[in-house]
Amino acid sequence: MTITKQLYLPPFTFSVTTDIPLVVDNLQRLYAHAPQAESLLVDYPLRLERGAGLRRLFKPQARFFADTQEPFQPLQLQQGYAMLEWGMNWCIAAHEMQYVIIHSAVLAKGDKAILFPAPPGSGKSTLTAYLAFNGWRLLSDEMALILPFSNKVQPFVRPICLKNRSIALAKSWFPTGVFSSIATDTHKGDVVHLSPPATSWQGALQQAEIVAVVFPSYQADTNLDIYSLDQTQAFMQLARNAFNFGVIGQEGFATLTAIIEQVPAFEVQYNDLTAVAAFLEQEVLADAR
């Protein structure tokens, strides 16, 4: 059976058509608290379908389509839901130019937000999950949508992507959390997605003000080391994590420059999430008030 589900994920609307039961089940569970809206124009019509021919029986595959494009090679069927989440990221990173888009987690207390740009393997998503389930509001796990010429960030609330060892940790920390099925042996290793708390979904329309930029890095032998970055260091690192910096040109340069000139930037190496949370709340947010 093929179903179509509309997802209103402010500021975008997706429609997902699929004949893969695993994808249907994960969508229903992980997006149960997503905002509801009817009769919205669809920004991105997506399809996720089983491979045709013998592939339906022998090593079945999932194929992802965004409108008429197929941007990825087919993946194993059991990786289908992860493929959908990555496909939604691709849609925004490849096509949206009305925001300055940074590869970054974004979390907030009230209307004060911190950006957490970081490359894969830095522990960013583990930190994101910990904060989201300990009093912070998740705006995004993957991309900061910054309004040009401002320090305002638009939420894009979606499930948090956890990989490998982080999966068991998160399941032990948040036993009542809503997790997707596990996609094994992906290019990122084993992957699950974790739906954020209902309060994050409820704040999906609430923009926040960027008050700091923190570049996190998990280091097994380091409890907590904090380095204050100068504006040049911070700008270069932020620009390296920008999806569309080179495309939108002056608009992106001016926006990132203004943010770095107005807010502090830190590099944080850690192995203790409680110590990071204390630093963020007692020093970074306290100084922003």
Linked, directly or transitively: Leu84 and Leu194 (ILVMFWY side chains, under 4.5 Å):
no
d(Ile160 CD1, Leu127 CG) to nearest 0.5 Å is 10.0 Å
How long is the gap from OG1 on Thr18 to CG on Leu48, to the nearest 0.5 Å?
5.0 Å
Salt bridge (charged side-chain N to carboxylate O under 4.0 Å, His left out) contacts in which one or both residues fall within residues 80-106, not counting sequence neighbours
Glu85-Arg158
Should Leu162 and Leu27 be regarded as members of a common hydrophobic cluster, given that ILVMFWY residues are connected when their side-chain heavy atoms come within less than 4.5 Å of each other, either directly or indirectly?
no
Between Leu9 and Trp201, is any pair of side-chain heavy atoms under 4.5 Å apart?
yes
Rounded to the nearest 0.5 Å, how far does CG of Asn241 lie from CG of Leu256?
10.5 Å
Can you list, by chain and residue number, the hydrophobic cluster partners of Phe65 when the side-chain cut-off is 4.5 Å?
none
Residues in side chain to side chain contact (heavy atoms under 4.5 Å, CB included) contact with Gln282, at least two apart in sequence or another chain:
Ala278
Heavy atoms of Leu224 and Val268 approach each other most closely as CD1-CG1, 3.6 Å
Tabulate below the donor-acceptor pairs under 3.5 Å that side-chain atoms of residues 211-221 make, not counting sequence neighbours, or state none.
| from | atom 1 | to | atom 2 | distance (Å) |
| --- | --- | --- | --- | --- |
| Ser217 | OG | Gln219 | NE2 | 2.9 |

Would you say the side-chain atoms of Thr255 pair up with the backbone N or O of Glu251, donor to acceptor, closer than 3.5 Å?
yes
Shortest non-hydrogen contact between Pro155 and Ala204, atoms and distance
CB-O, 3.5 Å
Centroid separation Phe235 to Phe253 less than 6.0 Å
yes
Could you identify which residues cluster with Val24, counting Ile, Leu, Val, Met, Phe, Trp and Tyr as linked when any side-chain heavy atoms lie under 4.5 Å apart, either directly or through a chain of such contacts?
Met1, Ile3
Answer whether the closest heavy-atom distance between the side chains of Pro159 and Tyr31 falls below 4.5 Å.
yes
Run Thr222 and Asn271 through side chain to side chain donor-acceptor pair (under 3.5 Å) and show every step you take.
CA-CA 6 Å; Thr222 302; Asn271 66 7; over 6 Å; no
Ignoring hydrogens, what is the shortest heavy-atom contact between Ser166 and Thr126? Give both atom names and the distance.
OG-OG1, 2.6 Å
Taking the side chain as every heavy atom from C-beta outward, state whether Phe266 and Leu280 have any atom pair closer than 4.5 Å.
no
Return yes if some donor-acceptor pair links the side-chain N/O of Gln79 with the main-chain N/O of Thr184 below 3.5 Å, else return no.
yes
Does one hydrophobic cluster hold both Val263 and Ile102, with members joined at side-chain heavy-atom distances below 4.5 Å?
yes
Spatial distance of atom CG (Leu273) from atom CG (Asn134) [nearest 0.5 Å]
9.0 Å
Take Ile114 and Leu285 through the test side-chain contact (heavy atoms from CB on, under 4.5 Å) and record every step on the way to the result.
CA-CA 9 Å; Ile114 298 177; Leu285 289 182; 4.2 Å; yes
Rounded to the nearest 0.5 Å, how far apart are CD of Gln6 and CD of Gln36?
9.5 Å
Considering only residues two or more places apart or on different chains, which pairs with a residue in residues 182-206 satisfy salt bridge (charged side-chain N to carboxylate O under 4.0 Å, His left out)?
none
Just by modelled atom types, is the Ala286 backbone N or O under 3.5 Å from a matching donor or acceptor in the Lys112 side chain?
no
Taking only residues two or more places apart in sequence, or in another chain, which ones meet Asp25 in a salt bridge (charged side-chain N to carboxylate O under 4.0 Å, His left out)?
Arg29
Test item: Asp111 side-chain N/O and Glu209 main-chain N/O as donor-acceptor pair under 3.5 Å
no
What are the two closest heavy atoms between Leu229 and Glu267, and how far apart are they?
CG-N, 4.1 Å
Salt-bridge present (Lys109, Glu281; N to O < 4.0 Å)
yes
Would you say that Gln202 contacts Arg137 through its side chain, given a criterion of any heavy-atom pair below 4.5 Å between the two side chains?
no
By side chain to side chain contact (heavy atoms under 4.5 Å, CB included), which residues pair with Asp67, not counting sequence neighbours?
Pro45
Cluster overlap Leu7 with Val178, hydrophobic side-chain contacts below 4.5 Å:
yes
In this structure, would Leu139 and Phe14 fall into the same cluster of hydrophobic residues linked by side-chain contacts under 4.5 Å?
no
So do Leu75 and Thr186 actually touch side chain to side chain, heavy atoms under 4.5 Å?
no
Is Tyr227 close to Gln269 at the side-chain level, that is, under 4.5 Å between some pair of heavy atoms?
yes
Nearest heavy-atom neighbours spanning Ser125 and Lys163
OG-NZ, 4.2 Å
Does Glu49 have any salt bridge (charged side-chain N to carboxylate O under 4.0 Å, His left out) partners at least two apart in sequence or in another chain, and if so, which?
Arg47
Thr128 and Leu107, any side-chain heavy atoms less than 4.5 Å apart
yes
List for me each residue that meets salt bridge (charged side-chain N to carboxylate O under 4.0 Å, His left out) alongside Glu261, sequence neighbours excluded, and say none if there are none.
none
Rounded to the nearest 0.5 Å, what separation is found between the CD atom of Glu142 and the OG atom of Ser104?
10.0 Å
Val157 to Pro196 - nearest heavy-atom pair and separation:
CG1-CG, 3.9 Å
What do the steps show when you test Leu145 against Ile101 for side-chain contact (heavy atoms from CB on, under 4.5 Å), and what is the final call?
CA-CA 5 Å; Leu145 306 180; Ile101 304 178; 3.9 Å; yes
Is the ring centre of His193 less than 6.0 Å from the ring centre of Trp86?
no
side-chain contact (heavy atoms from CB on, under 4.5 Å) evaluation trace for Leu77 with Gln61:
CA-CA 4 Å; Leu77 193 66; Gln61 294 180 327; over 6 Å; no
Among pairs that include at least one residue of residues 92-115, which meet ring-ring contact (aromatic ring centres under 6.0 Å, His included), considering only residues two or more places apart or in two chains?
Trp90-His95, His103-Phe243
Do Val276 and Tyr130 have side chains that get closer than 4.5 Å, going by heavy atoms?
no
Determine yes or no for a side-chain-to-main-chain donor-acceptor pair under 3.5 angstrom, with Asp19 supplying the side chain and Arg50 the backbone.
yes
Evaluate Tyr81 against Leu30 for side-chain contact (heavy atoms from CB on, under 4.5 Å), listing each step before the verdict.
CA-CA 11 Å; Tyr81 178 70; Leu30 271 69; 3.6 Å; yes
Sequence-distant partners of Ser181, side chain to side chain contact (heavy atoms under 4.5 Å, CB included), two or more places apart
Leu22, Asn26
Could you check whether any side-chain N or O of Ser200 sits under 3.5 Å from a backbone N or O of Leu138, counting only pairs where one atom can act as donor and the other as acceptor?
yes
Can you confirm whether more than 12 heavy atoms, excluding those of Met97, are under 6.0 Å from its CE atom?
yes
